[in-house]
Amino acid sequence: MNQGSGANARFQAVREITSRTPRKFDPPRDESGKRLRASEFYGVNTFDIHKMKKLPQSVFTKLLQTIESGGKLEAEIADTVAHAVKEWALARGVTHFCHWFQPQTGSTAEKHDAFLSLDDNSLPVEKFSGAQLIQGEPDASSFPSGGMRTTFEARGYTAWDPSSPIFIMEHTNGKTLCIPSVFISYHGDSLDKKTGLLRSMDVLSHRVCDLLHLIGYPQIKRIVPTLGAEQEYFLIDRSFFNLRPDLLMTGRTLVGGMPPKGQQLEDHYFGSIPARAQAFMSEMEYELYKLGVPVKTRHNEVAPSQFETAPIFEEANISTDIISW
């Protein structure tokens, strides 16, 4: 692209941008058409055991103990929990489920399986067992695993992390039930980023509880670190984005000159939020609220086109799952 054509392309992009209007989306409403409060649809896409009335009291108690202690879910109650999860998911239009985990690749991973199965008479039926809830068995040969191994030895196992809520991800043509999981080897070696966090949280809890018991607080049974991970991001119009091969291929700025204005004047910081940026924030917050993410603040950051959102502090394990989404 020569200098003349590049300038023309940028002028065309500017003309397109100035003609755009803020994007609108339909907010959730009740049967009368009244807009719902955020608290009324908050967490609709997360499985909250506290709201599940179908779980027997004994099962509910054991599951709650598992979540609070970080222990292993007993096999005899797994089928009951799996059935409740399946019925909740199917009622919301979910067709597939997956163990959602965080391998050492810098991104998340998932393998979708359909609820649809065939019974003994080859008739279609939706099934989801406790074994499928608790554990999966993906091939780990293509994930970072600490060294070279033959394919048949590179088996990895995903295991449900009950301390993090099961959630539904919506996409254009359906919905998928995502089960937050750890990813370990046959011998229990960590193959992901989450196992180490959970183990360190467990060690910290035991050591701090021991200290508290010594100084006169024997009733303390568990200590939980919290995290509120703010997210800073840039909003770049698609017309400008498409003119940048480095952004298209890597998502990062690799070439180009310094911008005419950076952070020197700080006039963007806490300024009035542009209409298109606020439209984006409103839609983003709506999707996050449905997933039970307690986003609290939104504002302009220092650099031009830079913005921020920040949540209320939660347990570190849950908060890091939110970051991974």
Side-chain angles (χ1 to χ4, degrees), residues 1-29 35 38 41 45 105-108 110 167-176 228-312 319-325:
M1 180 184 294
N2 58 46
Q3 185 175 1
S5 63
N8 290 334
R10 184 168 181 82
F11 286 139
Q12 178 62 31
V14 171
R15 284 194 292 268
E16 292 178 359
I17 291 172
T18 54
S19 67
R20 300 196 198 281
T21 57
R23 171 171 169 162
K24 295 182 179 180
F25 74 100
D26 293 328
R29 301 180 184 275
R35 183 166 182 171
F41 62 87
N45 281 349
T105 58
S107 61
T108 58
E110 54 198 60
F167 60 95
I168 295 173
M169 290 299 292
E170 300 176 336
H171 44 86
T172 304
N173 296 313
K175 301 178 181 180
T176 301
E230 65 182 35
Q231 297 291 295
E232 296 183 4
Y233 56 91
F234 289 86
L235 295 178
I236 308 298
D237 189 277
R238 184 182 295 107
S239 296
F240 282 156
F241 180 80
N242 289 335
L243 295 177
R244 294 285 299 273
D246 54 341
L247 294 180
L248 286 170
M249 291 186 287
T250 69
R252 298 177 180 274
T253 298
L254 301 179
V255 298
M258 292 295 293
K261 186 177 75 169
Q263 300 185 12
Q264 297 89 344
L265 300 179
E266 299 181 353
D267 53 339
H268 190 254
Y269 190 56
F270 279 17
S272 178
I273 302 175
R276 291 181 63 203
Q278 187 153 337
F280 164 81
M281 292 175 177
S282 296
E283 186 172 0
M284 175 185 67
E285 288 173 351
Y286 168 59
E287 296 297 331
L288 291 175
Y289 283 151
K290 290 195 298 182
L291 288 168
V293 181
V295 286
K296 185 69 173 178
T297 64
R298 62 188 185 195
H299 63 84
N300 292 2
E301 256 298 336
V302 181
S305 299
Q306 185 184 20
F307 304 92
E308 178 182 312
T309 185
I312 300 172
S319 186
T320 52
D321 275 356
I322 291 171
I323 298 172
S324 301
W325 293 347

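Positions are given from 1, in the same order as the sequence printed here.
For CZ of Phe25, the number of neighbouring non-hydrogen atoms (other residues, nucleotides, ligands) closer than 6.0 Å is greater than 12.
Minimum heavy-atom separation, Val293 to Tyr289: O-CD2, 3.6 Å. Nearest heavy-atom pair, Gln306 versus His268, reported as atom, atom and distance to 0.1 Å: O-CE1, 3.1 Å. The shortest heavy-atom contact between Asn300 and Tyr269 is O-CD1, 3.6 Å. A pairwise comparison of heavy atoms in Ala9 and Leu243 identifies CB-CD2, 3.7 Å as the closest pair.
Side-chain atoms of Pro22 and Arg276, non-hydrogen and from C-beta on, do get closer than 4.5 Å to each other. Glu301 has its side chain within reach of His299: a pair of non-hydrogen atoms, C-beta onward, lies under 4.5 Å apart. Annotation: side chain of Phe240 is not in contact with side chain of Glu16 (no heavy-atom distance under 4.5 Å). Side-chain contact between Leu254 and Pro245: absent, with no pair of heavy atoms (C-beta onward) separated by less than 4.5 Å.
Looking only at distances, a side-chain donor or acceptor of Thr309 sits under 3.5 Å from a matching main-chain atom of Thr297. Remark: side-chain polar atoms of Asn45 are not paired, donor with acceptor, to backbone N or O of Lys290 under 3.5 angstrom.
Evaluated for a salt bridge (charged side-chain N to carboxylate O under 4.0 Å, His left out) with Asp237, the options Arg20, Arg23, Arg244 yield exactly one hit, Arg20.
In this structure, Arg29 fails the cation-pi test against Phe41, since its NZ or CZ atom is not both closer than 6.0 Å to the six-membered ring centre and inside 45 degrees of the ring normal.
Taking OG1 from Thr176 and CD from Glu110, the interatomic distance works out to 7.0 Å, rounded to the nearest 0.5 Å. To the nearest 0.5 Å, atoms CG (Leu247) and OG1 (Thr253) are separated by 5.0 Å. Taking CD of Gln12 as the start and OG of Ser239 as the end, the distance is 8.0 Å to the nearest 0.5 Å. Considering CE of Met169 and NZ of Lys175, their distance stands at 12.0 Å, rounded to 0.5 Å.
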